[in-house]
Every structure is written in structure tokens, then in C-alpha cells.
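This report refers to the structure that appears directly beneath it.
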Amino acid sequence: MSDQIRVRFAPSPTGSVHIGNIRAAVFNWLFARHEGGKFLLRIEDTDLARSTKEAVDKVLDAMAWLGLDYDEPVVYQTHNAADHLAAVERLLSTGHAYKAVKESVDPATGERKSGEVVLFRMPREGRIEYDDLVKGHMRKKAEDTQDFVIVRSDGSPVFHVANVVDDIKQGVTHIVRGDDHVENTFKHVKIFEALGAPVPKYAHLPMIVNAQGKPYSKRDGAAFVGDFKERGFLPEALFNFLALLGWAPGDDREIMTRKELVEAFSFERCKSSPARFDLKKLLWMNGEYIAAQPPDVFKAELSARLAAAGLPSAPLGCGLDELVPPVQIRTKTLSDLPGNCEYFFREDIAYDPAAVEKRLHAPGAKERLLAFADAFAAMPDFSAETTEALVRAEAEKPTPDGKPVGMGALVHPIRVAVSGRTEGPGLFEMLALLGRDRVVRRLRAAASL
RNA sequence: GCCUCUAUCGUCUAAUGGUUAGGACGCCAGGUUCUCAUCCUGGUAAUCCGGGUUCGAUUCCCGGUGGAGGUGCCA
């Protein structure tokens, strides 16, 4: 065998892929790519009624979405059941394990169980130690450990043996996982030794906690990878953000390409304390990634979402290409699409009630709208430049009290009249993109709102 | 309770036995603009507490406190 690095992501398919779990996958992947090693995927589907085909697909989907490609065929833990039991036989024959009748109560269900199980024998004195690439030297007194079940009374092996045996079988050199596994590691180290296998290196990553600093739960909303996809986050943005949770390159870089992340990654730079998930920062980062998308890529996203919303594939008054730049810069998540530019695609636009009240019901607003409708209709040339010149000229004119009308008093009502809302691209750019006829029509219609 | 780990702005983090403790997000203010977004400028804000070692500690050590994990015939 070579001394190539081999790591694995070993999720149990129990529904959706948790954001904390996928982060472990991200770090495994980053480490493997940095070292030029292999990144493996093992589905730990042992004995769980919950591990369905759908659940496995969700894991696969989440990984594909984030671009976490693995280097060897997926291993399903249940397929290795014979190896697990064979290993238990060896442990039994070498005295590292023994059978015993045990009673227990499932803390979750309250169910009582009794029967013969196989227990792994932990040392009674001395210390169990291992070096953690993130947490440093770990040690635990043997007296603080207990023998533990490795085969249930129904004959099925539990996680601890299955996990270790599979890691041996797959030649895993580095185990990178959440630090909820640190205690298990004291057990696993002993199993590796009892099986005569080299103990792999360990790297335990800090947990990700929610905005309240508490462990993530389903109630936190976006707790699953799929949620982020649905909410319009780009995988590159989430990937970048996740990489920065518990790790930093050491310089001031934050927005980093996958390549840069791979190059800079190391466990020495991993933190060892829990990190909070700051959605605001992810939102910012996502906006940065969207703004940086090639226009064609953004256009494809927009098109897909227009179709999904049942809107036409092109704006009513211009080409889609013209609309892309002003919309792209204002999009923070893909879910903003097409809502933030809908009025370019449909005639029956929705008016923001507050905006109507403030801008269209202002004194003199209706008269101005009608006047501008007439003026726009009569212009020889209707463009951003000509409409702006006209509005600016109008803004210079004095009101009865002698002061100039001002741009605000004109621009705001026009904007609300043609778009229904208070924000958006520059007004004159918007008018040109909408087209003269539509602008004139909307101005007149808005005057009677 | 016991065990393992952990602690820098609100959040993510950088740095160091001697620094004005840096950056980013957020927030606030100003500039630009017709709005929003962008962009530019500035500001706010941190070394958990108590001992010890040291000329000097945020950094090293000990204790406390807070936080996380574990303490299953779950994974």
C-alpha cells in the first residue's frame, strides 16, 4: 500500500443532511484535496429503520450540490456486516471482548431490553491517549471508561465496531469528524489496537451552533443543506462560508475560491471551540457570489425562476440581456428572483400600498403623473437620456413658494407608478427598459389609484 | 454528578511574552445617486474572572465561571 492519505465522510442517512454534518464533509474534502489524497463516502446505514433510499439520495444530492466529489464507489456499511461479526469473533477469541447478559433501558423510548450481548473490554488502569490534529493531545484515565456493547442481543454489531472495522477495511488514515465523537475515540483507539490495526490520525472539528449559541435543531429553520438550496444560496457561497467556520487561512482573506481554500487548508489552523452560524454574513457572502457570477450564468438562473413562476421568458419592453446587470447587482439570494423584477414581465403589476399612499397620494402627484405621461408620449425620442433631461428640467421649475420642485418629488411618484415599488434600478434606466408605451400606460393608470 | 474539550469586538476570526490588539459581517454616521443595491470615507465594539510565573501576561501555569460534547443494546 502507499502512504497516501485517505479520509472518509461517514454519514448515517437519517433524513436530511444537517449543516454540521456537511461541514465535516467539507473539511474532509478540503484536507483530501490539499494532500492529494482520497476522499471516500461511506453510508452508515446499519440497522436503522430510518435509513431509506430517499435519505441516502438526500446525502448524495447535498454532496453533489456542494461539489464534494468522492474518489471511490460509495460503501454501504450494511454490506460489511460479515466483516463486523468476524472482527467480533476475533476480539472474543483474543479476550478483548466477552459475552454477558445485560439489561438496559432505552433513554429515548423507555423500552427495556435484556439479553446476551458482546462487550468490549476496556483497560482498567493506565491512560488512553491519542493525538488530535485539532485538539492536541487527548487523554483519559482508564478508570473513567467502561466496557461497552459491541453486539446487541439481536446479534447486530453496533456503530463502534462497524465504524472501526470499515475504517480498517477502507484504509482510512485520518478520521475527520465532529467533536461529538471525541469520547468515542477513546473506545475506538482501543478497538484498533485490539484488532492489530494501526490507529489512524484524528481531527475533531468544533460543532456549529445556532445564533443563540445552542446546538442546532430542526427548529432553527435553515438547518439542512437542502434548505439553503431552496432559499436561493449558491453552493460556492455556502461552501466558502462553511470553510470559514472553525478555520481561517491566517491572512485576511474571506472570499476564497475552492482552489484557494484547498491550497490554504490545514488542521493546524482549525479552532477547537464551537462556532456560531451567522446567517447575516452568509447572506452578504451569497450576494458577493451572485454579483460575481458571469451574466450568462445569472441569466440562466433568472430564466429558470421566471419559468417556474409562470412568467414570460423575456421582459415586456426589452431584451433579457439588458435587464440582467441592474437586477443581478440587487439580488442577494436567488429566491429574490423573479420577485424583485416582476414588473418587467407582467402588465398587471402589484402596488406596494405604503408606497402608493406616500408617493401617489401626495399633493399634486396625480397631475404630475398625467403630465409626464403626455410629455413622454410626445417625445421624439424616448431614452434614458431624454427622459432624464426632461425630468431634470421639470425639477428646476419653481413651486409657488419659489423653491425648485426637486428631483425627489418627481422621481418617486414616477417610480411607484411604473413599478409599484420604491426601489429598483435607476429610474431612467428603468423607464427605457420598460418601454415608452408601457410607461405612459402605467402613469395614466396610476393616476387613478 | 462525573468525564473530555473550550474561552479575543454582538458574530466569524487574526496576532503577540512588550502592538494604537488587525480584518470581515452586522450596526451607526457622512459622501455619491432619483430610490434600493453597489461604491467611497469614517465610527462603534473584544482579550471571561481571580491568582501565579515574569521587568512585562491577552499570550505560559493553576483555580473559578461560562460554553460545547460525552456519559445508550443511537450514530
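Below, read A as the first sequence line, B as the second, and so on, with proteins coming before strands; counting in each chain starts at 1. Atom set for the values below is all heavy atoms of this structure, side chains included, hydrogens, waters and symmetry mates excluded.
Residue side chain A:Asp251 does not reach the base of B:A14 through any donor-acceptor N/O pair under 3.5 Å, judged by distance alone. With hydrogens and angles ignored, no donor-acceptor pair closer than 3.5 Å exists between the side chain of A:Arg276 and the base of B:C12.
A:Arg23 has its CZ atom 12 Å from the P atom of B:C12, to the nearest Å. Atoms CZ (A:Phe186) and C1' (B:C2) sit 14 Å apart, rounded to a whole Å. With rounding to whole Å, A:Ile208 atom CD1 is found 13 Å from B:G69 atom P. Rounded to an integer number of Å, the gap from CG of A:Leu242 to P of B:C25 is 19 Å. The NE2-C1' distance, from A:His412 to B:C34, rounds to 6 Å in whole Å. With rounding to whole Å, A:Arg253 atom CZ is found 18 Å from B:G23 atom P. The distance from atom CG of A:Asp45 to atom P of B:A75 is 11 Å, rounded to the nearest whole Å. Atoms CG (A:Leu283) and C1' (B:U11) sit 14 Å apart, rounded to a whole Å.
With RNA chain B read from its 5' end, the first of the two nearest nucleotides for A:Met407 and A:Leu244 is the one closest to A:Leu244. Where A:Val158 and A:Leu427 meet RNA chain B, the nucleotide closest to each residue was compared, and A:Leu427 sits on the side nearer the 5' end.
Using a 4.0 Å heavy-atom criterion, one finds that A:Gly250 contacts the sugar-phosphate atoms exclusively. Contacts of A:Val117 with the nucleic acid, taken as non-hydrogen atoms under 4.0 Å apart, include base atoms. If you check every strand for non-hydrogen atoms under 4.0 Å, A:Leu245 touches sugar and phosphate atoms only. Contact annotation for A:Arg392: backbone-only contact, meaning every heavy-atom pair under 4.0 Å involves sugar-phosphate atoms and none involves a base. Within the 4.0 angstrom heavy-atom criterion, base atoms lie near A:Asn184. Within 4.0 Å of A:Pro206, counting heavy atoms only, lies no atom of the nucleic acid at all. Across all strands shown, A:Gly246 has heavy atoms under 4.0 Å from sugar-phosphate atoms exclusively, and none from any base.
Ranking B:A75, B:G23, B:A24 by closeness to the A:Asp252 side chain, first place goes to B:G23. In the set B:C12, B:C36, B:A14, the nucleotide with an atom closest to the side chain of A:Ala275 is B:C12. Checking B:C34, B:C12, B:G70 against the side-chain heavy atoms of A:Asp180 singles out B:G70 as nearest. Side-chain atoms of A:Lys281 lie closest to B:G23 of the nucleotides B:G23, B:C39, B:C34. Of the candidate nucleotides B:C73, B:A75, B:G23, B:C73 has the atom lying nearest to any side-chain atom of A:Ser153. Considering only side-chain atoms of A:Met207, the nucleotide from B:G69, B:A37, B:C25 that sits closest is B:G69. Checked against B:U38, B:A14, B:G23, the side chain of A:Lys332 finds its nearest nucleotide in B:U38. Of the candidates B:C34, B:G69, B:C73, B:C73 carries the atom nearest the A:Lys102 side chain, counting heavy atoms from C-beta on. With B:C39, B:G23, B:G10 as the candidates, the nucleotide lying closest to the side chain of A:Asp278 is B:G10. Nearest nucleotide to the side chain of A:Arg152, out of B:C39, B:G69, B:C74: B:C74.
Taking the six-membered ring for Trp and the full ring otherwise, A:Tyr202 and A:His174 have centroids separated by 6.0 Å or more. Checked against a 6.0 Å centroid threshold, the rings of A:Phe9 and A:Phe39 do not count as neighbours. With ring centers used as reference points, A:Trp29 lies under 6.0 Å from A:Phe239.
Put simply, A:Arg269 has a side-chain N or O that comes within less than 4.0 Å of OP1 or OP2 on B:A15.
Base pairing annotation: B:A24 forms a Watson-Crick or G-U wobble pair with B:U11, both donor-acceptor distances under 3.5 Å. Both distances falling under 3.5 Å, in either a Watson-Crick or a G-U wobble arrangement, occur for no nucleotide opposite B:U47. Of the nucleotides present, B:G67 is the one that pairs with B:C5 by Watson-Crick or G-U wobble criteria, both distances under 3.5 Å. Of all nucleotides present, only B:G18 satisfies the Watson-Crick or G-U wobble test against B:C55, with each distance under 3.5 Å. Nucleotide B:U41 is matched to B:A29 when pairs are restricted to Watson-Crick or G-U wobble geometry with both distances under 3.5 angstrom. Pairing for B:C73 is absent, with no Watson-Crick or G-U wobble pair whose two atom distances lie under 3.5 Å.
With both ends at atom P, the span from B:G56 to B:G51 equals 15 Å, rounded to whole Å.
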What N/O pairs connect the protein and nucleotides 5-7 of chain B at under 3.5 Å? Give each pair on its own line.
from: B:C5; atom 1: O2'; to: A:Lys135; atom 2: NZ; distance (Å): 2.8

### Message
The test is side-chain hydrogen bond (donor to acceptor under 3.5 Å, both in side chains); show your working for A:Arg152 and A:Ser156 and say whether it passes.
### Response
CA-CA 5 Å; A:Arg152 301 183 183 87; A:Ser156 63; 2.8 Å; yes
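Listed by first then second residue, pairs satisfying ring-ring contact (aromatic ring centres under 6.0 Å, His included) with a partner in residues 140-169 of chain A read A:Phe120-A:Phe148, A:Phe148-A:His160, A:Phe159-A:His181, A:Phe159-A:His188, A:His160-A:His188, not counting sequence neighbours.
Remark: A:Arg346 is not positioned above the aromatic ring of A:Tyr343, lacking an NZ or CZ atom under 6.0 angstrom from the ring centre and at most 45 degrees off the axis.
Side-chain atoms of A:Arg392 and A:Thr387 form no donor-acceptor pair, as typed in the model, at a separation below 3.5 Å. A donor and an acceptor atom, one from each side chain of A:His84 and A:Asp166, are located under 3.5 Å apart. Inspection of the A:Thr78 and A:Asp45 side chains reveals an N or O donor paired with an N or O acceptor under 3.5 Å.
Considering A:Phe277, A:Trp247, A:Tyr289 as possible partners of A:Phe241, the one that fulfils the ring pair (Phe, Tyr, Trp, His ring centres under 6.0 Å) test is A:Phe277.
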